[in-house]
Amino acid sequence: VSSILVTGAAGFVGCHLARVLSDNPAHSLTLVDNFTRGRRDEEFASVVGRDNVRLIECDLTDSAAAKRLGRDFDSVYHLAAVIGVKNVLERPWDVIRVNAVATLNIIEWFRDGGGRKLLFASTSEAYAWTARTQQLPVPTPESVPLSLTDLANPRASYAGSKIFGELAVTHGCTGLPFVIVRFHNVYGPRMGMEHVIPELFHRCLAGENPLTVYNPDHRRAFCYVDDAIDAVIACMTTDSVNGETINIGNDAEEIEIGALARRILQTAGINAEISPRHASHDPIIRRCPDISKARRLLGFKPRFDLDAGLTRTLDWYRPSLSRRLALAR
Ligand SMILES: NC(=O)c1ccc[n+]([C@@H]2O[C@H](COP(=O)([O-])OP(=O)(O)OC[C@H]3O[C@@H](n4cnc5c(N)ncnc54)[C@H](O)[C@@H]3O)[C@@H](O)[C@H]2O)c1
């Protein structure tokens, strides 16, 4: 039996990861969350209800709580963090404090015999500020410089906390097996509403016509969550990535946000015009990860194209959004 700890397990990526890992009866899973953002919904309850899963509700910024997790885990996935545009804009100090302190506590616990391999979830935001001031290659490899250029901007809190996390893991876990993953625009069911895909879908179901689309000329490469989970698990189980930073994303179909909106309208079966609007808060015009390292070291190959991923995602959102709209009428 392999023992696995997942922090932030009630969140978007964590819950999908916990479901997939717990499908294997040879895995014994411990899930950790403080439910500040994660939810105790049906999906999460169905994972926690499995025989090989137990839940510890605790706040990882409390060093005593971190010590209660147990020890000797074969694998530790550290996903817990305060994320999301609203949090970042309204509570930058919490983003910095929680992300830094929880990660330091996990590293100290890990060094003390908590587990045998640690995976740290970082983000494309770690180099987003470099992209504002320098011409970076796109698709962007892991090796680009990480930087912060405008500390007074609350958005720097999230990027800074993740750059700090990468630094802390790199030096705190020297000589121990660890891996850093940088997620790029992961999407799928149960990702909340603060994301361009569910948000556009919600407004188009609500009958918004013309549909306002912010920065329709910006290009992104979206990665369906099941593909991201495949890559994350491969990072944990492949020794050759120890000590490495790995981009996780899907470079196959970069798409303009305007074209994404049209695909969403099409999938929803709705006819509407698109009204383009400029938003200055996101100056990154093009983002796409270079995933050749994941391909080479993990044999990673995304399985879901955008149509397949979007259909699954919108199918999941449709009933709850329709219910919500019916109640509002
Ligand atoms: N979803 C993406 O596309 C994406 C992109 C880049 C990076 N990431 C990173 O991946 C990780 C998971 O992201 P997500 O989208 O699932 O986020 P999420 O907000 O859905 O999940 C994070 C979870 O951590 C929990 N948490 C927060 N503070 C905690 C604390 N002090 N103690 C215990 N639990 C705590 C929250 O309750 C939440 O359930 C994060 O570290 C995030 O920075 C995600």
Side-chain angles (χ1 to χ4, degrees), residues 5-19 30-41 43-44 47-48 55-66 68-69 76-88 91 94-106 109 118-128 155 157-166 168-169 180-198 220-229 231-232 235 245-250 284 287 289 309 313:
L5 183 107
V6 180
T7 77
F12 167 50
V13 178
C15 186
H16 283 277
L17 175 65
R19 176 180 41 78
T30 300
L31 309 183
V32 179
D33 210 292
N34 68 348
F35 297 96
T36 46
R37 204 168 126 101
R39 289 171 307 277
R40 297 172 201 270
D41 55 7
E43 265 101 349
F44 186 65
V47 175
V48 172
L55 170 67
I56 299 180
E57 181 173 349
C58 73
D59 180 349
L60 290 168
T61 60
D62 172 1
S63 59
R68 266 188 21 227
L69 301 179
V76 178
Y77 295 88
H78 178 42
L79 309 178
V82 178
I83 76 163
V85 179
K86 198 166 161 6
N87 283 331
V88 167
R91 304 161 47 212
D94 282 340
V95 172
I96 294 166
R97 187 184 65 82
V98 174
N99 295 359
V101 175
T103 299
L104 291 177
N105 283 339
I106 281 290
W109 163 84
L118 176 68
L119 178 143
F120 174 68
S122 185
T123 165
S124 50
E125 282 296 308
Y127 64 79
R155 286 171 180 272
S157 63
Y158 179 58
S161 76
K162 288 293 178 175
I163 294 174
F164 173 79
E166 291 197 19
V169 168
I180 294 166
V181 299
R182 285 197 197 132
F183 289 119
H184 287 67
N185 289 98
V186 180
Y187 74 101
R190 201 184 176 272
M191 68 184 315
M193 287 304 297
E194 241 189 66
H195 183 279
V196 62
I197 292 174
R220 294 291 181 268
F222 294 95
C223 176
Y224 188 61
V225 63
D226 288 15
D227 285 326
I229 299 303
V232 161
C235 279
T245 301
I246 309 280
N247 280 346
I248 294 184
N250 188 345
I284 308 292
R287 178 190 296 143
T313 305

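Every number for a ligand or one of its atoms is a count from 1 in the order of the listing. Every heavy atom of this structure was used, including side-chain atoms; hydrogens, water molecules and symmetry mates were not.
- Among the atoms of N185, none of the N or O lies under 3.5 angstrom from an N or O of ligand 1.
- Checking side-chain atoms of E194 against main-chain N and O of V85 turns up a donor-acceptor pair under 3.5 Å.
- In the candidate list T7, N34, L31, N34 is nearest to atom 29 (C) of ligand 1, counting heavy atoms.
- Between N250 and Y187, every side-chain heavy-atom pair lies at or beyond the 4.5 Å cut-off.
- Looking at ligand 1, you won't find any N or O of A102 less than 3.5 Å from one of its N or O atoms.
- Contacts between E125 and ligand 1, counted as non-hydrogen atom pairs separated by less than 4.0 Å, are absent for every part of the residue.
- Atoms of ligand 1 lying under 4.0 Å from any heavy atom of A10, numbered from 1 in the order shown and given with element: 39 (O).
- A pairwise comparison of heavy atoms in G188 and F12 identifies N-CZ, 3.6 Å as the closest pair.
- Ligand 1 has at least one atom lying under 4.0 Å from a heavy atom of S122.
- Applying the 4.0 Å criterion to heavy atoms of D59 picks out, from ligand 1, the atoms 30 (C), 31 (N), 32 (N).
- Taking a 4.0 Å cut-off on heavy atoms, T36 registers as neighbouring ligand 1.
- In summary, the atoms of ligand 1 found under 4.0 Å from a heavy atom of L79, numbered by their order in the structure, are 11 (C), 12 (C), 40 (C), 41 (O).
- In this comparison of F120, F183, F222, Y77, the heavy atom closest to atom 6 (C) of ligand 1 sits on F183.
- Counting only residues at least two apart or in different chains, salt bridge (charged side-chain N to carboxylate O under 4.0 Å, His left out) contacts with residues 76-88 comprise K86-E90.
- The option with the heavy atom closest to atom 18 (P) of ligand 1, from among R37, E57, R39, is R37.
- Taking a cut-off of under 4.0 Å to the non-hydrogen atoms of L60, the atoms of ligand 1 that pass are 30 (C), 31 (N), 32 (N), 33 (C).
- Note: no N/O pair closer than 3.5 Å links V32 and ligand 1 by distance alone.
- Each of V232, V181, V32 was evaluated against Y77; a single residue qualifies, V232, per the side-chain contact (heavy atoms from CB on, under 4.5 Å) test.
- Within the 4.0 Å heavy-atom shell around ligand 1 one does not find M191.
- Side-chain atoms of N105 come within 3.5 Å of backbone atoms of L60 as a donor-acceptor pair (strictly under, hydrogens ignored).
- At the top of the distance list for atom 3 (O) of ligand 1, counting protein heavy atoms only, stands V186 N, 3.1 Å.
- At least one N or O atom of G38, backbone or side chain, sits closer than 3.5 Å to an N or O atom of ligand 1.
- Annotation: atom 21 (O) of ligand 1 to nearest protein heavy atom, G11 CA, 3.3 Å.
- Summary of contacts: the protein heavy atom closest to atom 27 (C) of ligand 1 is A81 O, 3.4 Å.
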Run the numbers on V48 and L31 for side-chain contact (heavy atoms from CB on, under 4.5 Å), then give the verdict. CA-CA 8 Å; V48 172; L31 309 183; 4.2 Å; yes

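- Counting the atoms of ligand 1 from 1 in the order shown, those under 4.0 Å from a heavy atom of V98 are 28 (N), 31 (N).
- The closest donor-acceptor contact from the side chain of N87 to the backbone of V82 lies at 3.5 Å or more, if one exists at all.
- When each of L17, T313, V186 is checked for a side-chain contact (heavy atoms from CB on, under 4.5 Å) with V225, only V186 meets the rule.
- A distance-only check finds a donor-acceptor pair linking the side chain of H16 to the backbone of P189 [under 3.5 Å].
- Side-chain contact between E125 and R155 is absent, with no heavy-atom pair separated by less than 4.5 Å.
- Residues E166 and F120 have side chains in contact (heavy-atom distance under 4.5 Å, counting atoms from C-beta outward).
- Under 4.0 Å from ligand 1, heavy atoms of V13 appear from its side chain as well as its backbone.
- Remark: distances from the non-hydrogen atoms of Y158 to ligand 1 include one below 4.0 Å.
- Residue-level proximity to ligand 1 for A121 is carried by backbone and side chain together, each with a heavy atom below 4.0 angstrom.
- Short contacts between ligand 1 and F12, defined as distances under 4.0 Å to a heavy atom of the residue, involve ligand atoms 1 (N), 15 (O), 16 (O), 18 (P), 20 (O).
- A231 is linked by a side chain to side chain contact (heavy atoms under 4.5 Å, CB included) to I248, F300, counting only residues two or more places apart in sequence or in another chain.
- Atom OG1 of T61 and atom CG of N99 lie 10.5 Å apart (nearest 0.5 Å).
- The shortest side-chain heavy-atom distance between V6 and L79 falls under the 4.5 Å cut-off.
- Residue C58 has at least one heavy-atom neighbour below 4.0 Å for each of these atoms of ligand 1: 32 (N), 33 (C).
- Of all the atoms in ligand 1, the ones that sit under 4.0 Å from a non-hydrogen atom of F35 are 37 (O).
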